[in-house]
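To start, the structure under review is shown below, and the notes come after it.
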There are 2 protein chains.
Amino acid sequence: MGRSPMNREDTTKNRILAAAGPIFAQRGFQQATVREICDAADVNLASINYYFGDKQQLYIDSVILAREQRAQQFPFPSWSDDTLPEVKLRKFVGMLLKRVVVMQTIPWQVQLLMREILNPTEACRQLVEDYFRPIFDRLLRIVDELAEQPLTDLRRTQIGFSIIGQCLHYRFSAGVISLMVQEDQREECFDWDELTHHITEFSLAAIRNLGSHVAVKSSPRTSETH
Amino acid sequence: MGRSPMNREDTTKNRILAAAGPIFAQRGFQQATVREICDAADVNLASINYYFGDKQQLYIDSVILAREQRAQQFPFPSWSDDTLPEVKLRKFVGMLLKRVVVMQTIPWQVQLLMREILNPTEACRQLVEDYFRPIFDRLLRIVDELAEQPLTDLRRTQIGFSIIGQCLHYRFSAGVISLMVQEDQREECFDWDELTHHITEFSLAAIRNLGSHVAVKSSPRTSETH
DNA sequence: AGCTGTATGAAACAACTGTTTAACTCAAAA
DNA sequence: TTTTGAGTTAAACAGTTGTTTCATACAGCT
C-alpha cells in the first residue's frame, strides 16, 4: 500500500528524483548540493535523507532512472532475418548517435551516463552488464556478418570499439570539436545524417578491406622505429 | 631578478605546482582542496593565495604545465619527405596512443588534460589553439596524402575525427572497457603495439576503400527508414 | 645598527556542506 | 475522542571549504 501504484505520481520522492537527475548531470555528484535539489523539487531539506537515506543513494537511483528513460526513448532498431548486414550497421550507428550525440542541448540522462563512463562509481558495474554489454554484443554479431572470414575474439572486439569510439568521440570531445571547426562547419559537423553516413561508410570500408587485405596480423612487432 | 632563472628550482611556488598537478588530476578542481595541496607540497596554507591569487589560477597554471610536460615527453614523430603516408599514419597513431592510452597507471598530466576536454574551462581555448589544432592539422595532411583524390573539408575533418576517436576511446571509456572484456583479454586489449596496429590498419583500409568506393556522398537523405 | 620589502607562519573568518534533531501536522485506526 | 505513525518542517549541528589577517622572520640594503 505504501508503494507507489503508479510511477508518475506527484509524490515527494518522485519530485526529488525528477529534480535530482538534471542537477547531478549538469554539476556532478560533488558539486550538486542537496539544498539545490530540494529547492528545485520544492521539498524540505530533510526529505532526501528521509526517503533515500543519504545523498549517494539518491545519486545511484538517478543513474538507474537515466538509463531506463534513455533506452526507452530510443529503442534498439529491429530488423528481419534477411536484412543486409550493411543496413544493420547503419541502423546501429544511427541509434547510437541518436542516443548520445549532441542535439543542441544535451539531455540530462546522457550527461549523467557520461559521468559514469568516465568516472565509474558503484552504479557502473550494473550499468555495464544491463545496458552496455547487450548493445555491444549486438554490434559484434553485425560485425561477424560483415566480415568475410571468421574473426578472432580480439579482432572482433577491436573492430567493435573502433565503431563505438568514432561515435562517442562526438560526445566526449564535443567541446573541443566545437572549438576546432570553423563556425560555418559546426552544424554539418554534428549533423546526425551526415555523421551516421560517414561512420557507417568508414567502418564498412575498413571491415571489407581489412578482411581481404591484412586478415592476419602480420608483424608481431610494430615498434616506432618502423 | 625576482623571476626564476631556472625552472627546476625548489622554490615554494614550484613545490606547489608539482603537488597540485597530480591532485587536481586525480580529484578534479572542486574536490581537490587547498589544504591537501599545501600539505603535499609542504608549504603553508596561505601560500597558494600568495603566489597564485586564488585556487582557480593555480588550476589554470597546472593545466598549462601538464600540456607542456606531456608534449615534451612524447614529441611529435619526425619523417623525411619520402616517407610513405602509411608509415606516417602509423607513427601518428602510435604517438597519440602513447600520449593518452592507459599504461597501468595514468599519468597525471593525461588525466588533467582529459578533464579539460570533457569539461572545458577557461584553460581549454588556449589548449585547443596551442596544442590540439597543430596536432590535428598534421593528421589531416597525412589523410590528404593517403586519399586517392581531393577531399572536401568536411570529409577530411570527419576522417580525422574517426581516427582520433578510435584512439581516445581507449582512454575515455577505459573503465567501461575493463569491465567489458574478460580478465584474460584485458592486457592485450590495452596493449600499445596491438592497438597501434589495429587502428592504423582499420583506418588505412577505410580511407583506401572509401576513396574508391563511395567517394562522393551519394544519398543526401539517409533516414532511418532505409 | 636601522630600515625595507618579500616570504612565511598560525590563527581566525565567513560561507557552505550533508546530516540530524525535535517539534509539528494530520489523516486513519482504536 | 484519543492514539498512532508516517510525513513535513525549521532549526541546529559538526565539519570542511577558500580566503584573509596580522604577527613574525630574515635577507639585502644604507
Side-chain angles (χ1 to χ4, degrees), chain A residues 1-63 65 112 115 119 121-123, chain B residues 1-63 65 112 115 119 121-123:
Chain A
M1 201 196 277
R3 284 306 171 97
S4 60
M6 290 284 287
N7 227 357
R8 300 271 172 271
E9 263 184 315
D10 187 40
T11 64
T12 300
K13 186 171 182 177
N14 283 341
R15 226 153 352 110
I16 293 174
L17 272 174
I23 291 175
F24 277 134
Q26 203 202 343
R27 330 218 335 146
F29 174 76
Q30 197 69 225
Q31 292 233 52
T33 71
V34 293
R35 281 173 176 80
E36 194 182 357
I37 293 170
C38 289
D39 276 1
D42 203 38
V43 302
N44 185 266
L45 178 59
S47 302
I48 286 178
N49 298 89
Y50 182 79
Y51 282 103
F52 297 91
D54 59 7
K55 184 187 177 186
Q56 173 153 348
Q57 189 56 50
L58 170 61
Y59 176 79
I60 292 176
D61 287 5
S62 297
V63 173
L65 184 66
L112 193 54
R115 286 191 183 277
N119 227 326
T121 70
E122 296 297 318
Chain B
M1 201 195 277
R3 284 305 172 100
S4 61
M6 291 282 288
N7 227 357
R8 299 271 173 269
E9 264 185 313
D10 187 40
T11 64
T12 300
K13 186 170 182 179
N14 283 341
R15 230 159 342 118
I16 293 173
L17 271 173
I23 292 175
F24 276 134
Q26 203 202 344
R27 330 216 338 146
F29 175 76
Q30 196 68 223
Q31 292 233 52
T33 70
V34 292
R35 279 172 177 81
E36 194 181 358
I37 293 170
C38 288
D39 277 0
D42 202 38
V43 301
N44 186 268
L45 178 60
S47 302
I48 286 178
N49 298 89
Y50 183 78
Y51 282 103
F52 297 91
D54 60 6
K55 185 188 177 187
Q56 173 153 347
Q57 188 57 50
L58 170 61
Y59 177 77
I60 292 176
D61 287 6
S62 297
V63 173
L65 184 67
L112 192 54
R115 285 191 183 277
N119 227 326
T121 70
E122 296 297 318

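Per chain, numbering begins at 1; letters A, B, ... match sequence-line order.
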Exercise for the section: Find out whether A:L17 and A:S62 are in side-chain contact, i.e. whether some heavy atom of one side chain is under 4.5 Å from a heavy atom of the other. Expected result: yes
Problem - From C:dG18, C:dT21, D:dG18, nucleotide with atom closest to A:K55 side chain - result: C:dG18
Practice task
To the nearest Å, give me how far apart CG (A:N44) and C1' (D:dA6) are.
Solution key: 15 Å
Handout entry: Option among B:Y51, B:F52, B:F29 that satisfies the side-chain contact (heavy atoms from CB on, under 4.5 Å) test with B:L58
Key = B:F52
Problem - A:F24 side chain near A:K55 side chain, heavy-atom distance below 4.5 Å - result: yes
Exercise for the section: For the residue pair A:Q30 and B:Q30, confirm or rule out a side-chain donor-acceptor distance under 3.5 Å. Expected result: no
Exercise for the section: Can you tell me the distance, in whole Å, between the CD atom of B:Q56 and the P atom of D:dG18? Expected result: 13 Å
Problem - B:Y51 vs C:dT8: side-chain N/O to OP1/OP2 distance below 4.0 Å - result: yes
Practice task
Report which part of the nucleic acid A:T12 touches: base, sugar-phosphate, or nothing (heavy-atom distance under 4.0 Å, all strands).
Solution key: sugar-phosphate
Exercise for the section: Please report, rounded to the nearest Å, how far the C1' atom of C:dG9 is from the CG atom of B:D39. Expected result: 14 Å
Handout entry: Proximal nucleotide (of C:dT8, D:dT19, D:dG7) relative to the B:Y50 side chain
Key = C:dT8
Practice task
Can you tell me the distance, in whole Å, between the CG atom of B:N49 and the C1' atom of C:dA12?
Solution key: 14 Å
Completion exercise
Of B:R15 and B:R35, the one whose nearest nucleotide on DNA chain C sits closer to the 5' end is B:R15
Practice task
Specify the separation, in whole Å, of atom CD1 of A:I23 and atom P of C:dG18.
Solution key: 12 Å
Problem - Sugar-phosphate, base or nothing in reach of B:I48, heavy atoms under 4.0 Å - result: nothing
Handout entry: Interatomic distance, B:L45 CG vs D:dT19 P [rounded to whole Å]
Key = 10 Å
Exercise for the section: Taking the side chain as every heavy atom from C-beta outward, state whether B:I60 and B:Q57 have any atom pair closer than 4.5 Å. Expected result: yes
Practice task
Write down the distance between CD (A:Q31) and P (D:dT17), rounded to a whole number of angstrom.
Solution key: 14 Å
Practice task
Please report, rounded to the nearest Å, how far the P atom of C:dG18 is from the CD1 atom of A:I16.
Solution key: 14 Å
